[in-house]
Amino acid sequence: MKPKVFVSRIIPDQGLELVRQACDAEIWQDEMPPPHEVLLEKIRDKVGLLSLLTDRTDAALLDANPQLRVVSNMAVGYDNIDIKAATERGVPVGNTPGVLTEATADFAFALLMASARNIVQGADYVRAGKWKTWGPKLLLGADLAGATLGLIGFGRIGQAVAQRARGFNMRILYNDLRRVPEAEKTIGASFVDLDTLLKESDFVSIHTDLNAQSRHLFNAATFAKMKRGAILINTARGPIVDQTALYDALRNGHLRAAALDVTDPEPLPMDNPLHTLQNCLIAPHIASATDNTRGKMAEMAARNLIAGINGERLPTCVNPEVYDRK
Ligand code: GLV
């Protein structure tokens, strides 16, 4: 008999086929994620969970089935999972680092360019029939060449964004908990403290994970330190930005624009005032959404799941301490 697992949405075939071959898989068919209480029920007779970032995997869920051998999250981020609780219970948690770096960096850069050059506003203007003539002052944007890009977080994705920025002749600053001297040299980026980055950057792009320190890292005080007319890009996690403070900074013109692929919550309710601002571009958390990348993420998540149910070390495990305990 194949081991029973729960897959919390229909993921790309590249992963689903591997799961189906190795497991007796129950696959949640709805477009919407399973409600938490349904997930608690579903997990009771399963030994593995392939989750998405929309699934809250907390102590209650882990306790719903002490036989659970693995949680494999199809995402690089794992703030939806209580890692401490998983580790305490000896459950390894997998994620999908690396394979989504380029797609996510592409999208961050696309948001940067779209907000710098009013691409969405331009398309809306044309579609609304407002385009009468070439206008010498129509939809003027901001230059990239010579501008300063400040990266919050200089891991895989931050560095990949820096590589793109280099091709656009931007000056690159970064702030991170640790310096990356090798990448500083090869990419041409300078480490600075956070205040300097905020003060000097024309564009600030967020590439850190969500944790206690980064939650609301961008708040009213942070925005006040940013250069007047700067543009904020967030492809990391919504709660890193205090959205009320962002609204004020955009509304009063201190920031020129923001482009967000992530919000808090997701989706952002339609009565959120950010939706009323022309200078706030919001995308539905699609930075890693390419055929190729989502296929690779699904495959990686499947391999983590299968390793976990077989009692093998996960290829990419976020809490390897579980193996030390055994
Ligand atoms: C997407 O946000 C991810 O963490 O993979």
Side-chain angles (χ1 to χ4, degrees), residues 7-12 14-16 19 28 31-33 49-58 70-83 86 92-112 151-161 176 205-218 232-241 243 258-268 281-305 308 314-319:
V7 180
S8 70
R9 223 85 69 76
I10 303 173
I11 63 170
Q14 239 166 297
L16 212 48
V19 175
W28 184 252
E31 183 194 358
M32 297 302 289
L49 169 65
L50 195 154
S51 58
L52 303 183
L53 55 83
T54 41
D55 303 313
R56 178 161 51 87
T57 303
D58 54 12
V70 57
V71 174
S72 171
N73 210 38
M74 195 187 118
V76 66
Y78 43 85
D79 48 283
N80 57 309
I81 300 173
D82 185 339
I83 299 296
V93 177
N95 71 337
T96 63
V99 290
L100 47 67
T101 301
E102 303 298 334
T104 305
D106 284 348
F107 198 76
F109 218 80
L111 287 180
L112 187 153
L151 297 164
I152 304 292
F154 201 56
R156 286 176 294 259
I157 298 172
Q159 290 176 31
V161 172
D176 201 318
S205 190
I206 304 175
H207 303 287
T208 180
D209 60 339
L210 174 62
N211 54 49
Q213 283 73 44
S214 66
R215 186 174 292 272
H216 281 199
L217 177 64
F218 280 79
L232 179 73
I233 318 296
N234 188 7
T235 49
R237 283 294 182 265
I240 297 170
V241 174
Q243 290 171 173
L260 314 172
D261 185 45
V262 287
T263 59
D264 181 23
E266 291 180 8
L268 190 66
L281 169 54
I282 301 176
H285 203 149
I286 52 171
S288 68
T290 70
D291 293 331
N292 189 32
T293 296
R294 286 284 167 85
K296 286 186 179 159
M297 289 167 70
E299 182 180 337
M300 213 165 172
R303 294 200 189 284
N304 278 328
L305 180 81
L314 310 197
T316 48
C317 184
V318 302
N319 58 345

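Just so you know, these numbers come straight off a predicted model, no measurement behind them. Remember, it's 1-based here, ligands and their atoms both numbered in the order they're listed.
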Using a strict 4.0 Å cut-off to heavy atoms of Ala75, name the atoms of ligand 1 that fall inside it. 3 (C), 4 (O), 5 (O)
Please classify the Leu53 to ligand 1 contact at 4.0 Å (heavy-atom distances, strictly less than): side chain, backbone, both or neither. side chain
When distances are taken from atom 5 (O) of ligand 1, the protein heavy atom at minimum range is Val76 N, 2.8 Å
Arg237 near ligand 1 by a heavy-atom separation under 4.0 Å: yes
To the nearest 0.5 Å, how far apart are CG in Leu260 and CD1 in Ile206? 8.0 Å
Is a salt bridge present between Asp79 and Arg237, judged by a nitrogen-to-oxygen distance below 4.0 Å? yes
Ligand 1 atoms nearer than 4.0 angstrom to some heavy atom of Leu100 are 5 (O)
Output the list of atoms in ligand 1 that are nearer than 4.0 Å to some heavy atom of Gly77, sorted by atom number. 3 (C), 4 (O)
Could you tell me the separation between the CG atom of Leu112 and the OG1 atom of Thr235, rounded to the nearest 0.5 Å? 10.0 Å
Residue pair Asn234 / Asp261, side-chain donor-acceptor N/O under 3.5 Å: no
Distance-only polar pair, side chains of Thr57 and Asp82, donor-acceptor under 3.5 Å: no
If the test is side chain to side chain contact (heavy atoms under 4.5 Å, CB included), which one of Val93, Val71, Ile81 qualifies with Asn319? Val93
Under 4.0 Å from any heavy atom of His285, which atoms of ligand 1 are there? 1 (C), 2 (O)
